[in-house]
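Structure record follows, encoded as structure tokens.
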Amino acid sequence: MHVSVVLFTSDLRLTDHPPLRAALDAADAVVPLFVRDRAVEATGFAAPNRNAFLDDCLADLDSGLRERGGRLVVRSGDLVAEVCRVVTEADADEVHMSAGHTRFATVREERLRSALEAAGRRLFVHDAVTVAVPPGTVTPASSDHFAVFTPYYRQWAQVPLRPAFGTPRRVSVPEEVGGEKVSAHGGSSEVSPALPPGGESAARGRVTAYWRRGLGAYEDTRDDLAADATSRFSPHLHFGTLSPVELVRRARRHGGPGAEAFVRQLAWRDFHRQVLAARPDAARADYRTKHDRWRTERTAAEDIEAWRTGRTGYPLIDAAMRQLRHEGWMHNRARLLTASFLAKTLYVDWRIGAAHFLHWLVDGDVANNQLNWQWMAGTGTDTRPNRVLNPVTQAKKYDPEGTYVRRWVPELAGVDAPLVHEPWKLPGLDRAALDYPDPVIELSDGLDRFRHARGKQP
DNA sequence: TGCGAATTGCT
DNA sequence: GCAATTCGC
């Protein structure tokens, strides 16, 4: 009897899953395996919200497999060692998994390949599972990756997508392979109170609802903070409970300006991945350094703490930072504004902001998070000079009624727009009654105050 | 190789 | 509208 192993990573679904399909085609039985890799903790990118969401994903994957006559095998330890152990126990010939695009993922993949080949087994790594268009598929004439989104997108849009696979009817799993008990997360004090549920079932429910109501209006509503009309697919895309290939295909079939704008945003995921695949160090180092001498924990402790806890005195910034902690999620427009505020207005090292986001975001993703932070900090792929988003101007534009601010900052619940966005302009007595902090910095002198610290090195 | 384009801010 | 930088053709 032929047995193959499907190693699940950031692809926790049964629908449109090329490694699972290939494993089923190659063997009479498969072992669907997930390894809680101890080494992930050491990357510094693991976090309570994502661990809780992951528990939901695994529980749902397990029940999906059980409905099809199988089950999910979960192990803990060193990923390479555990996969080898399972391969031996099941006497499997081959292992199928999807490609990762961080340095951690590619190094781990190579270790696994060597270990398996030494044991006479084969590793198959599948592309186009966690992205629609894999890194390296399209490149500019002069480089191994695109550094500007628009020319990338023009080519990306021309790439023929592979067909989307359906959900397998039956998955038989050999009985002799054992694993840990799988159950949905029980919640803990570390986890955001309004964390969304994980798992492919929840993801597909969200797609159905969004396709019915949200997608058509995406172009017009995606930047409206109060409407909160975005898809909220991001955690599902991060954990792979949704397939990017399937989403792009379905959106294109749907058609219209909303679907087009939505597909364009999905292309940003692939764009950031092809940058990170070519420049893995961009997860921690400047992609294009400007030799900034950032303020740090040591020199800006109070400002950083005010930003983290949502007490900067800029209502929109504070609303967004509180939403992040409460939901483990933040509106994309708010991510740009809070990042600009920390990196450009407070002139704090983007890594400090990126680390805070990765701690709380349930969709926290090395490629998207780090490269978006770099984009906003001016060290990334955006070349435009000194782009500072003004938190008051942007608040009036994207939250004109102040609804978003009042939703997250109860101190300002009784203040109307436009003053809700600049409460320091309220008459003295009204302002004193608010119990809301004064701005940590004047917008006008923000950059000037720190610019002396910024200079080119010889 | 000159030129359009880039999740924009400020006048 | 202009700012004023870099990519990619």
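Chain naming here is simple, since letters A, B, ... match the order of the sequence lines and numbering starts at 1 in each.
- Distance Gln274(A) CD to dC7(C) P: 14 Å, rounded to the nearest Å.
- Listed candidates were dC10(B), dT8(B), dG8(C). Nearest to the side chain of Thr393(A) is dC10(B).
- Using cut-offs of 30° and 60° for the angle between ring planes, the Tyr152(A) and Phe146(A) rings count as perpendicular.
- In the set dG8(C), dT6(C), dT8(B), the nucleotide with an atom closest to the side chain of Gln394(A) is dT8(B).
- Side chain to side chain, Asp318(A) and Thr312(A) meet the donor-acceptor criterion of an N or O pair below 3.5 Å.
- Look at CG on Asp223(A): it is 9 Å from P on dT8(B), rounded to the nearest Å.
- At least one donor-acceptor pair under 3.5 Å links the side chain of Arg407(A) to the backbone N or O of Ala226(A).
- Nearest nucleotide to the side chain of Arg384(A), out of dA6(B), dC10(B), dC9(C): dA6(B).
- When the P atom of dC9(C) is taken as reference, atom CZ of Phe146(A) falls 5 Å away, rounded to whole Å.
- Minimum atom distance to the side chain of Arg288(A) is reached by dC7(C), of the listed dG8(C), dT8(B), dC7(C).
- Distance CZ (Phe149(A)) to C1' (dA6(B)): 11 Å, rounded to an integer number of Å.
- Ring orientation note: the planes of His96(A) and His126(A) are tilted relative to one another, at an angle of 30° to 60°.
- In this structure, the nucleotide among dG8(C), dG9(B), dA6(B) sitting nearest to the side chain of Thr383(A) is dA6(B).
- Taking atom CZ on Arg154(A) and atom P on dA6(B), their separation rounds to 7 Å, with Å as the unit.
- Taking only side-chain nitrogens and oxygens, Asn390(A) comes nearer than 4.0 Å to OP1 or OP2 of dC10(B).
- Rounded to whole Å, the distance from CG on Asn332(A) to P on dT8(B) is 12 Å.
- Set against dC9(C), dA6(B), dC7(C), the side chain of Val148(A) has dC7(C) as its closest nucleotide.
- Between Gln155(A) and dG8(C) there is no side-chain polar atom (N or O) within less than 4.0 angstrom of OP1 or OP2.
- Atom-to-atom, NZ of Lys396(A) to P of dC10(B) comes out at 11 Å; the value is rounded to the nearest Å.
- Of the nucleotides present, dG2(B) is the one that pairs with dC9(C) by Watson-Crick or G-U wobble criteria, both distances under 3.5 Å.
- Contact check, Thr150(A) against dA6(B): a side-chain N or O comes under 4.0 Å of OP1 or OP2.
- Ion pairing between Asp438(A) and Arg431(A) holds under the 4.0 Å rule for side-chain N and carboxylate O.
- Remark: P of dG9(B) and CG of Leu443(A) are 12 Å apart, rounded to the nearest angstrom.
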